[in-house]
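Since the structure is predicted, the reported quantities are computational estimates derived from the model, not experimental observations. Quick note on labels: first sequence line is chain A, next is B, and so on, each numbered from 1.
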Amino acid sequence: MRYSQMLIPTTKETPSEAEVVSHQLLLRGGFIRKLTSGVYIYLPLGLAAIQKVAQIVREEMNRAGALELLMPMVQPADLWKESGRWQKYGPELLRFIDRHSRESCLGPTHEEVITDLARRELQSYRQLPKNLYQIQTKFRDEIRPRFGLMRGREFVMKDAYSFDESDEAAGKSYDRMFEAYHRIFRRCGLQFRAVEADTGTIGGSFSHEFMVLASTGEDTLVICEQCSYAANVEKARVAPVETQERAGEPQALCRVETPGMKKVESVAAFLKASPSQFIKTMIYLADGEPVAALVRGDREVQPVKLKNLLGATDVELADDETVFKKTGLPVGYLGPVGLPLRVVADHEVMAMRDCIAGANQKQYHLTGVQPGRDFTPAISGDLRQITAEDRCPSCGGSLRLTEGIEVGHIFKLGTAYSEAMNATFQDRDGQARPFVMGCYGIGVSRVVAAAIEQNHDGNGIIFPLPLAPFQVIVLNLGVNSEAVTGAAERLALDLRQLGLEVLLDDRDERPGSKFKDADLIGIPYRVMVGKTFEKEGKVELRRRRDGHTETVPIDQAAGVIASLVRAEFAMFVAPEE
RNA sequence: CGGGGCGUAGCGCAGCCUGGUUAGCGCGCCUGCCUUGGGAGCAGGAGGUCGUAGGUUCGAAUCCUACCGCCCCGACCA
């Protein structure tokens, strides 16, 4: 491909709307242009990168036995009413009415459509298992789209759905996807981890997220330094604590005046106590009902864990005003003793003794509080957010916190959708049974953004070779010289014949501009045909990632480059290949 | 949806507070000359419903009102 005939509108200046580096570089490099909030045009270069990811995904899904199909973007409301999600999904689901007054929506995901297909077309256990997938544009009306391709409203997604006859078989389908995902992200050249995750609104029993490690990630992960344990902090289990040995008699309950002190720190300073002796009482609204969550004074409540402990669908921290309105209690002086609310305690709290807590009375706290003696929570369990100081729940090793970008998510769905939508097959005994389902997503366009977040420098993008729109860019640095131009053209042709994807920069531009553009758009290998060729018959070969440069005679250049590219590709093969 | 900000040439911005010639600047674009190894230089040029609608005024990019769009923070989220 000739640069002069491409559309690669690069810019020197960074557009003001872009906050994160992938967004900036995608705009500057001429990969995308915004049409409207959260909706982007993929220019030729951007589309090429997305197609690279899509092709890897396709190959690995096919290899894992999945079948590609393509479902409509427009979906009838009736299906969503059957699954119950027409009510549940909320405003993220873009709904509209067509000319016949039929309610419809743009598909943010396709469980309903695929389940409808399955109940029509899959009647017998003999047809199972089946795993069907598509690579398609999704629309979710995000509250606040941001970060370019990282969180758009419209985006390219691979979604797959598995149908099995039993839990056990569904587990195998899940494991097969777990492996396929490892192969996919490995082949994309990304640093990533699979982590235990919360199942979110899609529901289901078990799930893993695939996170690309990058400092701009929207999620926080814990990773064990010793074993393979990794989890989203929303989910990360905190190892249960041992109950402390009781030395001496437990203190008696005692009310102390703590004027104007609401924060744990200030009361702690006043009473010359450590925050770890406190019981912190946080009021949350669980599906609108106030509940009290107890954690140690120096800990934080993890709301997703609270939600799961309560079995609620929505949990949010109540603000001071709401707390007072709903309970009449003074914020800052709340405590579990005599609290007329449902109380959920972190198991660490239950192991504490001689604690300090609010007295549920303005300007007063209690000391000598004994969990179990002075109050008994309705539920106690794992409630607090894990910290880097905690030990690995799996092996006891030390933990590290890091940021990640979610690029893939796999779920065991069970029979939630098949039962709601009456999607059944006949088993060996002729009995109708609901499909046991799984669903598996990959944010294809987000993978491109994540790859850039993880691979860039001050000059621009550094694409992992498998995702690069072109593997090699040949710079003709002497467009006025027939000899140089001829050599550059021939080299580009030779490289193409060796199976490489080549961009030939044949523009009548000064060398500096060509270098800058080549760096910006992140092509892994750059070949310069110019002065050195005129003087010595050699071309210079430069690797984008580390700037490593070598000079080779023109007649050997194509072969050298091809073997370099092949050698590098070999690093991105999937495990066990 | 709550809070904040912005809409002036393709992009980035100044001008607005304190209304008054022909609305500027940088980048980009076009023509010519010159130049050619890290976004050159000179000369000439094209390009604007100043987001939209209404109002105030002799006169509005500038003041007022409404609406639209976009960005940032928050809640939310595969």
S.K.: Say you pick atom P in B:rG48 and the same atom in B:rC25; how far apart are they, in whole Å?
M.R.: 16 Å
S.K.: Taking atom C1' in both B:rA46 and B:rG51, compute the distance separating them and give it to the nearest angstrom.
M.R.: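 These two C1' atoms come out 24 Å apart once rounded.
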S.K.: When you measure from the side chain of A:R144, which nucleotide among B:rC70, B:rC73, B:rG39 comes out closest?
M.R.: B:rC73
S.K.: What about A:D519: does its side chain form a donor-acceptor pair under 3.5 Å with the base of B:rG38?
M.R.: yes
S.K.: If you take all heavy atoms of A:R507 and A:K514, which pair is closest and at what distance?
M.R.: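 Taking every non-hydrogen atom into account, O-NZ, 2.7 Å.
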S.K.: Sticking with atom C1', work out how far B:rG39 lies from B:rC27, rounded to a whole angstrom.
M.R.: 11 Å
S.K.: Would you say CE of A:M1 has more than 12 non-hydrogen atoms from neighbouring residues, nucleotides or ligands within 6.0 angstrom?
M.R.: no
S.K.: Rounded to whole Å, please give me the gap between NZ in A:K514 and C1' in B:rA40.
M.R.: 15 Å
S.K.: Under 6.0 Å between ring centres, would you say that holds for A:H208 and A:Y181?
M.R.: no
S.K.: Given B:rA75, B:rA40, B:rG37, which nucleotide is nearest the side-chain atoms of A:L477?
M.R.: B:rG37
S.K.: Classify A:G530 by what it touches in the nucleic acid, base, sugar-phosphate, or nothing, heavy-atom distance under 4.0 Å.
M.R.: base
S.K.: Counting only Watson-Crick pairs (N1-N3 plus N6-O4 or O6-N4) and G-U wobbles (N1-O2, O6-N3), all under 3.5 Å, who is the partner of B:rA60?
M.R.: none
S.K.: Scan every strand shown for a Watson-Crick or G-U wobble partner of B:rG2, both distances under 3.5 Å, and answer none if you come up empty.
M.R.: B:rC73
S.K.: Which whole number of Å gives the distance between the P atom of B:rG74 and that of B:rG55?
M.R.: 42 Å
S.K.: Please report, rounded to the nearest Å, how far the C1' atom of B:rC76 is from the NZ atom of A:K307.
M.R.: 11 Å
S.K.: Please state how far atom CG in A:L475 lies from atom P in B:rG37, giving the value in whole angstrom units.
M.R.: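 Answer to the nearest Å: 13 Å.
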S.K.: Whole-Å distance between B:rA78 P and A:L93 CG?
M.R.: 14 Å
S.K.: Is it true that the NZ or CZ of A:K412 lies under 6.0 Å from the centre of A:Y174's six-membered ring and within 45 degrees of the ring axis?
M.R.: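 Yes - A:K412 lies over the ring of A:Y174, closer than 6.0 Å to its centre and within 45° of its axis.
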S.K.: Quick check for you: among B:rG38, B:rC77, B:rG39, whose closest atom lies nearest to any side-chain atom of A:R151?
M.R.: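 The nucleotide sitting nearest to the side chain is B:rC77.
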S.K.: Which of the following nucleotides, B:rA78, B:rU36, B:rG69, is nearest to the side chain of A:N480?
M.R.: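 Of the options given, the side chain of A:N480 lies nearest B:rU36.
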S.K.: Report which part of the nucleic acid A:D159 touches: base, sugar-phosphate, or nothing (heavy-atom distance under 4.0 Å, all strands).
M.R.: nothing
S.K.: Expressed as a whole number of Å, how far does the C1' atom of B:rA53 sit from that of B:rU49?
M.R.: 13 Å
S.K.: Ignoring the backbone of A:K516, work out which of B:rG37, B:rA40, B:rG39 is nearest its side chain.
M.R.: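 Of the options given, the side chain of A:K516 lies nearest B:rG39.
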S.K.: Touch check for A:R153, heavy atoms < 4.0 angstrom, all strands: base, sugar-phosphate only, or nothing?
M.R.: nothing
S.K.: Does A:R95 qualify as a cation-pi partner of A:W80, given the criterion of NZ or CZ under 6.0 Å from the six-membered ring centre and within 45 degrees of its axis?
M.R.: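 No, cation not above the ring by the 6.0 Å, 45° rule.
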S.K.: Using whole Å, what does the distance between atom P of nucleotide B:rC77 and atom CD1 of A:I143 come to?
M.R.: 8 Å
S.K.: Quick one: look up who B:rC42 pairs with, Watson-Crick or G-U, both distances under 3.5 Å, and put none if it's unpaired.
M.R.: B:rG32
S.K.: Closest-nucleotide mapping onto RNA chain B: is A:E509 or A:R446 further toward the 5' terminus? I mean the 5' end.
M.R.: A:E509
S.K.: Look at all strands and tell whether A:R28 reaches a base, only sugar-phosphate, or nothing, counting heavy atoms closer than 4.0 Å.
M.R.: base
S.K.: Return the nearest nucleotide to the side chain of A:E19; candidates are B:rC72, B:rG37, B:rA40.
M.R.: B:rC72
S.K.: Considering only NZ, NE, NH1 and NH2 on the basic side and carboxylate oxygens on the acidic side, decide whether A:E111 and A:R85 come within less than 4.0 Å.
M.R.: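 Yes.
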S.K.: Among the candidates B:rA78, B:rA75, B:rG39, find the nucleotide nearest to the side-chain atoms of A:T10.
M.R.: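 In terms of side-chain proximity for A:T10, the closest of B:rA78, B:rA75, B:rG39 is B:rG39.
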S.K.: Any chance the rings of A:F178 and A:Y440 have centres within less than 6.0 Å?
M.R.: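 Centroid distance A:F178-A:Y440: not below 6.0 Å, so no.
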S.K.: Identify which nucleotide among B:rC27, B:rA75, B:rG38 has an atom closest to any side-chain atom of A:F515, counting heavy atoms from C-beta outward.
M.R.: B:rG38
S.K.: Over all strands shown, is A:E406 touching base, sugar-phosphate only, or nothing at heavy-atom distances under 4.0 angstrom?
M.R.: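 Sugar-phosphate contact only.
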S.K.: Does A:T36 reach a base, just sugar-phosphate, or nothing at all? Heavy atoms under 4.0 Å.
M.R.: sugar-phosphate
S.K.: Checking A:L67 against A:Y133 for the side-chain contact (heavy atoms from CB on, under 4.5 Å) test, could you report, in this order, the C-alpha distance in whole Å, the side-chain angles of both residues, the deciding distance, and whether it holds?
M.R.: CA-CA 6 Å; A:L67 305 168; A:Y133 78 98; 5.6 Å; no
S.K.: For A:M150 and A:M528, find the nucleotide of RNA chain B closest to each by heavy atoms; which residue's nucleotide sits nearer the 5' end?
M.R.: A:M528
S.K.: Specify the separation, in whole Å, of atom NE2 of A:H23 and atom P of B:rC70.
M.R.: 13 Å
S.K.: For B:rC17 versus B:rG54, give the span between their C1' atoms, rounded off to a whole number of Å.
M.R.: 24 Å
S.K.: Mind calculating the distance between CD (A:E316) and P (B:rC76) to the nearest angstrom?
M.R.: 7 Å
S.K.: Scan every strand shown for a Watson-Crick or G-U wobble partner of B:rC25, both distances under 3.5 Å, and answer none if you come up empty.
M.R.: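 Per the H-bond distance test, B:rG12.
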S.K.: Using OP1 and OP2 only, check whether a side-chain N or O of A:K531 sits under 4.0 Å from B:rU36.
M.R.: no
S.K.: In whole angstrom, give the distance that lies between atom CD of A:E209 and atom C1' of B:rA78.
M.R.: 9 Å
S.K.: Considering only B:rG26, B:rG37, B:rG39, which nucleotide approaches the side chain of A:S513 most closely?
M.R.: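 It is B:rG39.
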S.K.: Kindly say whether, by distance alone, the side chain of A:E13 makes a donor-acceptor pair under 3.5 Å with the base of B:rG26?
M.R.: yes
S.K.: Side chain of A:R146 only, heavy atoms from C-beta on: which candidate in B:rG69, B:rA40, B:rG74 is closest?
M.R.: B:rG74
S.K.: Could you walk me through whether A:F31 and A:F463 satisfy the ring pair (Phe, Tyr, Trp, His ring centres under 6.0 Å) test, starting with their C-alpha distance in whole Å, then the side-chain angles of each, then the deciding distance to 0.1 Å, before giving a yes or no?
M.R.: CA-CA 13 Å; A:F31 289 77; A:F463 270 116; 5.7 Å; yes
S.K.: If the P atom of B:rC30 is compared with that of B:rA40, how far apart are they to the nearest Å?
M.R.: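 Those two atoms are separated by 15 Å.
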S.K.: For B:rG28 and B:rU65, measure between their C1' atoms and round to the nearest Å.
M.R.: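 It comes out at 38 Å once rounded to the nearest Å.
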S.K.: Partner lookup for B:rA66, please. Criteria are Watson-Crick or G-U wobble with both distances under 3.5 angstrom; report none if nothing qualifies.
M.R.: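 Checking every strand shown, B:rA66 finds its partner in B:rU52, with both distances under 3.5 Å.
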